[in-house]
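Data first, discussion second: the structure below is written as structure tokens.
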Amino acid sequence: MPELPEVETVARGLREQIAGRRIVAVRLGKTDFIDDPAALERELPGARIATVTRHGKFLLVRLEPRHGDDSRFCLLIHLGMTGQLAPRHPDFPVAAHTHAFFALDDGRELRYTDVRRFGRLALVPEAALEELIGGLGADPLEVTRAEFGSRLAGRRAMIKALLLDQRVLRGMGNIYADESLWRARLHPARHAARLKPQELARLYRAIRDVLNAAIRLRGSSIANYIDAEGQPGRYQLRHRAYGREGKRCFRCGQTIRRMIVAGRSSYFCPRCQPAPRRRRGVKLAGGARFR
DNA sequence: CTTACGGCCTGGGTGC
DNA sequence: TGCACCCAGGCCGTAA
């Protein structure tokens, strides 16, 4: 599931492999996940790839302006849950569910594969980018401790929900939210406003440590994720909470539990990450309501 | 405005 | 062998 570390890994790989290449042809399969397929077919052939960057979980493939005009385009890519993007030689077997082929001037083709098609492709003018992704929150690896605190200050929502909210911080998903909370020893259902400064500091630190470690291991591969070299990541071997229901906590030996928080499966250690005191209206797993 | 929740998209995996 | 069902992440609409 591509989250910040996976998208960062893909962005770095693409930067190395396809920056400077020219797209010579576009071939599309299913297009229901593409904003304006005709725009891709019209504008991309002949365009040279300038840079590849990450913005939250989005990949931004910026194109050099074509013939004189200064209309700069950017190919905006979201990998969703199962999106894969890798340059391949044309004789490399085409994976099932490959829906976009971008032939490059070095003979390879950049292929977009997405089993679920929860991903998105869109070719947007540079000027329209701000409206599409400008509303995203701070990058968790760049945000200062002070801004991190102010973004959570006074928020009554559960910390897990806020970590998943891309308008608060951009780039975290279910895996890294759970891993960060485990490391910070905070229960996912804690209310952000009730976190003590020391706990916020722990969480801030944990998020940075977890994301940086995950980038070093080139992301987590659970089912589908591969990088721009077609290789899986290895951070799943370091998971301490995510997907470990019923297994022992690496810190204390207690059994890791799973509950639904903020509508998502949340894995945590009930001993290291003590539940918040029950209060009126706090929703518990199974939908029971306490008054 | 903030928060919570349900539904939708799709198809692989699972269990009967 | 077949089939119903669950689940995943992001997003949107709705309601309080």
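Order of the sequence lines sets the chain letters (A, B, ...), proteins ahead of strands, with each chain counted from 1.
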Please table the atom pairs, donor to acceptor, closer than 3.5 Å between any side-chain atom in residues 122-129 of chain A and protein atoms at least two apart or in another chain.
{"unit_1": "A:E126", "atom_1": "OE1", "unit_2": "A:R62", "atom_2": "NH1", "d": "3.2"}
{"unit_1": "A:E126", "atom_1": "OE2", "unit_2": "A:R62", "atom_2": "NH1", "d": "2.1"}

The ring pair (Phe, Tyr, Trp, His ring centres under 6.0 Å) partners of A:H97 (sequence neighbours excluded) come to none
Contact check, residues 77-84 of chain A vs DNA chain C, heavy-atom distance under 4.0 Å, returns A:H78, A:M81
Residues pairing under side-chain hydrogen bond (donor to acceptor under 3.5 Å, both in side chains) where one sits in residues 131-144 of chain A, two or more places apart or in two chains, turn out to be A:R54-A:D139
Can you say whether the rings of A:F58 and A:H78 are parallel (under 30°), tilted (30 to 60°) or perpendicular (over 60°)?
perpendicular
Taken to the nearest whole Å, CG/A:D178 to C1'/C:dG9 is 13 Å
Between A:Q273 and A:P270 (side chain of the first, backbone of the second, donor and acceptor by atom type, cut-off under 3.5 Å), is there such a pair?
no
* Do any N or O atoms from the side chain of A:E43 and from the backbone of A:F73 form a donor-acceptor pair under 3.5 angstrom? -> no
Here the salt bridge (Lys or Arg N to Asp or Glu O under 4.0 Å) pairs for residues 9-19 of chain A, sequence neighbours left out, are A:E8-A:R12
Exercise for the section: State whether the number of non-hydrogen atoms from other residues, nucleotides or ligands found under 6.0 Å of A:R248 atom CZ is greater than 12. Expected result: no
- [ ] Check the geometry between A:F118 and B:dT10 and answer yes if their rings are stacked (centres below 5.5 Å, planes below 30°), otherwise no.
- [x] no
Using a 4.5 Å side-chain heavy-atom cut-off and chaining through intermediate ILVMFWY residues, the residues clustered with A:V115 come out as none
Taken to the nearest whole Å, CZ/A:R170 to P/C:dC11 is 14 Å
When you compare the side chain of A:I49 with that of A:V61, does any pair of heavy atoms fall below 4.5 Å? yes
Quick note, salt bridge (Lys or Arg N to Asp or Glu O under 4.0 Å) partners involving residues 200-226 of chain A, not counting sequence neighbours, are A:R183-A:D209, A:R205-A:D209, A:R218-A:D227, A:R218-A:E229
Rounded to whole Å, CD of A:E3 lies from C1' of C:dG9 at a distance of 9 Å
Might you list the N or O atoms of the protein lying below 3.5 Å from N or O atoms in nucleotides 1-3 of chain B, with each pair's distance?
{"unit_1": "B:dT3", "atom_1": "OP1", "unit_2": "A:R155", "atom_2": "NE", "d": "3.3"}
{"unit_1": "B:dT3", "atom_1": "OP1", "unit_2": "A:R156", "atom_2": "N", "d": "2.8"}
{"unit_1": "B:dT3", "atom_1": "OP1", "unit_2": "A:A157", "atom_2": "N", "d": "3.3"}
{"unit_1": "B:dT3", "atom_1": "OP2", "unit_2": "A:R155", "atom_2": "NE", "d": "2.4"}
{"unit_1": "B:dT3", "atom_1": "OP2", "unit_2": "A:R155", "atom_2": "NH2", "d": "2.3"}

Separation of C:dG9 atom C1' from A:F33 atom CZ, nearest Å, is 16 Å
Using nucleotides 11-14 of chain B, report all nitrogen or oxygen pairs with the protein that are shorter than 3.5 Å.
{"unit_1": "B:dG11", "atom_1": "OP1", "unit_2": "A:R117", "atom_2": "NH1", "d": "3.1"}
{"unit_1": "B:dG11", "atom_1": "O4'", "unit_2": "A:R116", "atom_2": "NH1", "d": "3.3"}
{"unit_1": "B:dG11", "atom_1": "N2", "unit_2": "A:R116", "atom_2": "NH2", "d": "3.2"}
{"unit_1": "B:dG11", "atom_1": "N3", "unit_2": "A:R116", "atom_2": "NH2", "d": "3.4"}
{"unit_1": "B:dG12", "atom_1": "OP1", "unit_2": "A:H97", "atom_2": "NE2", "d": "2.9"}
{"unit_1": "B:dG12", "atom_1": "O4'", "unit_2": "A:R116", "atom_2": "NH2", "d": "3.4"}

Rounded to whole Å, the CG-P distance (A:L164 to C:dG9) equals 8 Å
To the nearest 10 degrees, the angle between the two end axes of the helix from B:dT2-C:dA16 to B:dC16-C:dG2 (five pairs per end) comes to 40°
Evaluation steps, side chain to side chain contact (heavy atoms under 4.5 Å, CB included), between A:E64 and A:R22:
CA-CA 10 Å; A:E64 287 177 11; A:R22 192 180 295 279; over 6 Å; no
From OH of A:Y176 across to C1' of C:dA8 the rounded distance in Å is 15 Å
Per nearest nucleotide of DNA chain C, the residue lying toward the 5' end, A:G263 or A:Q166, is A:G263
Contacts of A:E245 meeting side chain to side chain donor-acceptor pair (under 3.5 Å) (sequence neighbours excluded), chain-then-number -> A:R258
So ring-ring contact (aromatic ring centres under 6.0 Å, His included) across residues 102-125 of chain A, not counting sequence neighbours, yields A:F33-A:Y112
Separation of C:dG9 atom P from A:K160 atom NZ, nearest Å, is 8 Å
In whole angstroms, the gap separating P of C:dC11 from CZ of A:R264 amounts to 11 Å
